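First comes the structure, then the notes that go with it.
So you know, we letter chains A, B, ... as the sequences are listed, proteins then strands, and number each from 1. Quick caveat, the model's predicted, so the values are computed rather than measured.
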Number of protein chains: 2
Amino acid sequence: MDKKAFAEQIKLEVLLCFSAYSLSHAFSRFYRPMLDRLGLTYPQFVVMMVLWENGKITMKALTDLVMLESNTLTPLLKKLEAAGLVHRTRNRDDERVLDIEITEAGLALKADGQLAAVDLALASGEDLDGVIEMQQRMAKMRDSVREKLETA
Amino acid sequence: MDKKAFAEQIKLEVLLCFSAYSLSHAFSRFYRPMLDRLGLTYPQFVVMMVLWENGKITMKALTDLVMLESNTLTPLLKKLEAAGLVHRTRNRDDERVLDIEITEAGLALKADGQLAAVDLALASGEDLDGVIEMQQRMAKMRDSVREKLETA
DNA sequence: GACGATTAAATCGCATGCGATTGAATTTGG
DNA sequence: CCAAATTCAATCGCATGCGATTTAATCGTC
């Protein structure tokens, strides 16, 4: 079958990208009740995961870890700051750099937040080995796609 | 190790949900140049995939297929209508129902759109068997998560 | 047939994502 | 040393997602 004939038969439900897209939304909807109790949205939770682990980080390093850019993270971090969970300060040595540091109130959420992360991780319907394998393969696929985008 | 001790060690990079989240964004960013040439965003492309296959569909059926709600799809469909790719009409038999039908201009994008879908499907770094397996497992996981959300 | 319950879509508000641009600080090359 | 290039974060505009609510139409039960 040539590419055109194959293309005519392709359907949304078999597309890899749509499975990833709809899976990501499904997780986000599933997590909402638990994250609501923490007062966090899912992207805010992702940022807090980084801060619970690292305590302090620059904007640049954060963009690399969460794979989002400053145009997304700046408003999000301002909301976290308004909620009292982080401090945002300019770096003394290089004024271009923004330092982000978790506050006492942010640290106070750590235990509950990390417990939530575990509960959520176990809610996928896969067994533990399956969860680990799928997580690794999706991460590998993501890195492969990102690699291709860079070298394009 | 108890749950609390396990939770303290958990990191963003090993979370299943974050792999799905970052994979979905990676696909979206990777696809953008090709979708730009079609004049579509990724969610618009998803809707057009359904319409290229079905020609005509109700809003209700569309929300089930793409797993998004009318509050997301109404503005998106109005943009597609403004671009001349779809018609939106009220159903004669039941005025609550919105019928969505692809136009000639929308059909004219079908061949290019479906070819794009094939190119994109092959860009993940997995071989064909791996693509199919991952697609199926992600879809199964998504359905499992959605099932749990419903019964919660 | 009436009327409360249900269903479908739209509307509103808020929080992302991200391309494009801007502005400020630093680095680099001559 | 200094101007151009680079880097970093912020800003702006637009397009999602989605919870909550509203509006309109239909259904179900008496």
Side-chain angles (χ1 to χ4, degrees), chain A residues 18 20-33 35-37 39-48 57-64 66-83 86 88-100 146 149, chain B residues 18 20-33 35-48 57-64 66-83 88-100 146 149:
Chain A
F18 181 70
Y21 174 76
S22 51
L23 174 60
S24 177
H25 287 158
F27 273 131
S28 176
R29 291 190 283 258
F30 187 81
Y31 289 5
R32 191 177 301 270
L35 295 182
D36 278 350
R37 283 195 284 279
L40 298 173
T41 64
Y42 181 72
Q44 289 169 3
F45 170 73
V46 165
V47 168
M48 291 306 293
I57 194 172
T58 66
M59 171 70 92
K60 174 68 174 154
L62 184 61
T63 62
D64 289 341
V66 304
M67 304 181 197
L68 295 169
E69 297 186 37
S70 69
N71 51 8
T72 296
L73 292 179
T74 293
L76 188 156
L77 286 165
K78 284 184 175 177
K79 289 183 192 87
L80 290 180
E81 186 172 46
V86 307
R88 297 163 65 252
T89 50
R90 286 289 158 181
N91 185 295
R92 277 292 178 200
D93 295 334
D94 185 340
E95 289 278 341
R96 291 172 303 179
V97 172
L98 185 75
D99 288 322
I100 302 147
R146 286 167 61 85
L149 186 56
Chain B
F18 182 69
Y21 175 77
S22 52
L23 174 60
S24 177
H25 287 157
F27 273 131
S28 176
R29 291 189 283 259
F30 186 80
Y31 289 6
R32 192 177 300 270
L35 294 182
D36 277 351
R37 284 195 283 278
L38 294 176
L40 298 173
T41 65
Y42 181 72
Q44 290 170 3
F45 171 72
V46 165
V47 168
M48 291 306 292
I57 194 171
T58 66
M59 171 69 93
K60 174 68 174 152
L62 184 61
T63 63
D64 288 341
V66 305
M67 304 181 197
L68 295 170
E69 297 184 38
S70 68
N71 51 8
T72 298
L73 292 179
T74 293
L76 187 156
L77 286 165
K78 285 184 175 177
K79 288 183 192 88
L80 290 180
E81 186 173 46
R88 296 164 66 251
T89 51
R90 286 289 159 181
N91 186 293
R92 278 291 179 199
D93 295 334
D94 186 340
E95 289 278 340
R96 290 172 302 180
V97 173
L98 184 75
D99 289 321
I100 301 146
R146 286 167 60 86
L149 185 56

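- Between B:Arg29 and the phosphate of C:dC18, there is a side-chain N or O to OP1/OP2 separation shorter than 4.0 Å.
- Residue A:Arg90 has a polar side-chain atom (N or O) positioned under 4.0 Å from OP1 or OP2 of D:dA10.
- Judged by closest nucleotide on DNA chain D, A:Ala61 is the one of A:Ala61 and B:Asn71 placed further toward the 5' end.
- Residue B:Arg32 has no polar side-chain atom (N or O) positioned under 4.0 Å from OP1 or OP2 of C:dG17.
- Taking only side-chain nitrogens and oxygens, A:Lys78 comes nearer than 4.0 Å to OP1 or OP2 of D:dT11.
- Taking atom CD on B:Glu81 and atom C1' on C:dA9, their separation rounds to 14 Å, with Å as the unit.
- Nearest to the side chain of B:Thr41, among D:dA15, C:dA25, C:dT6, sits D:dA15.
- Taking atom CE on A:Met59 and atom P on D:dC8, their separation rounds to 12 Å, with Å as the unit.
- Between B:Arg92 and B:Met67, the residue anchored closer to the 5' end of DNA chain D is B:Met67, taking for each the nucleotide with the nearest heavy atom.
- Taking the nucleotide of DNA chain C with the nearest heavy atom to each of A:Pro75 and B:Val97, the more 5' of the two is matched to B:Val97.
- Atom P of nucleotide C:dA9 and atom CD of B:Glu69 are separated by 12 Å, given to the nearest angstrom.
- Separating the CG atom of A:Asp94 from the C1' atom of C:dT26 is a distance of 6 Å, rounded to the nearest angstrom.
- Residue A:Leu73 is out of contact with every strand shown, counting any heavy-atom pair closer than 4.0 Å.
- Put simply, CG on B:Asp93 is 16 Å from C1' on C:dT7, counting in whole angstrom units.
- Distances were taken from every side-chain heavy atom of A:Ser70 (C-beta onward) to each of D:dA9, D:dA15, C:dA25; the shortest belongs to D:dA9.
- When heavy atoms are screened at a 4.0 angstrom cut-off, A:Asn91 is found touching no nucleic acid atom at all.
- Interface remark: the A:Thr74 side chain does not form any donor-acceptor pair with the D:dA9 base, using a distance-only criterion of under 3.5 Å.
- To the nearest angstrom, C1' of D:dG19 lies 16 Å from CZ of A:Arg37.
- The side chain of A:Leu98 lies closest to D:dA10 when the candidates are C:dT26, D:dA10, C:dG17.
- The side chain of B:Arg96 lies closest to D:dC27, out of C:dA25, C:dA10, D:dC27.
- Using a 4.0 Å heavy-atom cutoff across all strands shown, A:Asp99 reaches no nucleic acid atom at all.
- Contact between the side-chain N/O atoms of A:Thr72 and the OP1/OP2 oxygens of C:dG17 is not found at any separation under 4.0 Å.
- If you take CD1 of A:Ile100 and C1' of D:dA10, they are 13 Å apart, rounded to a whole angstrom.
- Phosphate contact (OP1/OP2 of C:dA15, side-chain N/O of A:Tyr42, threshold under 4.0 Å): absent.
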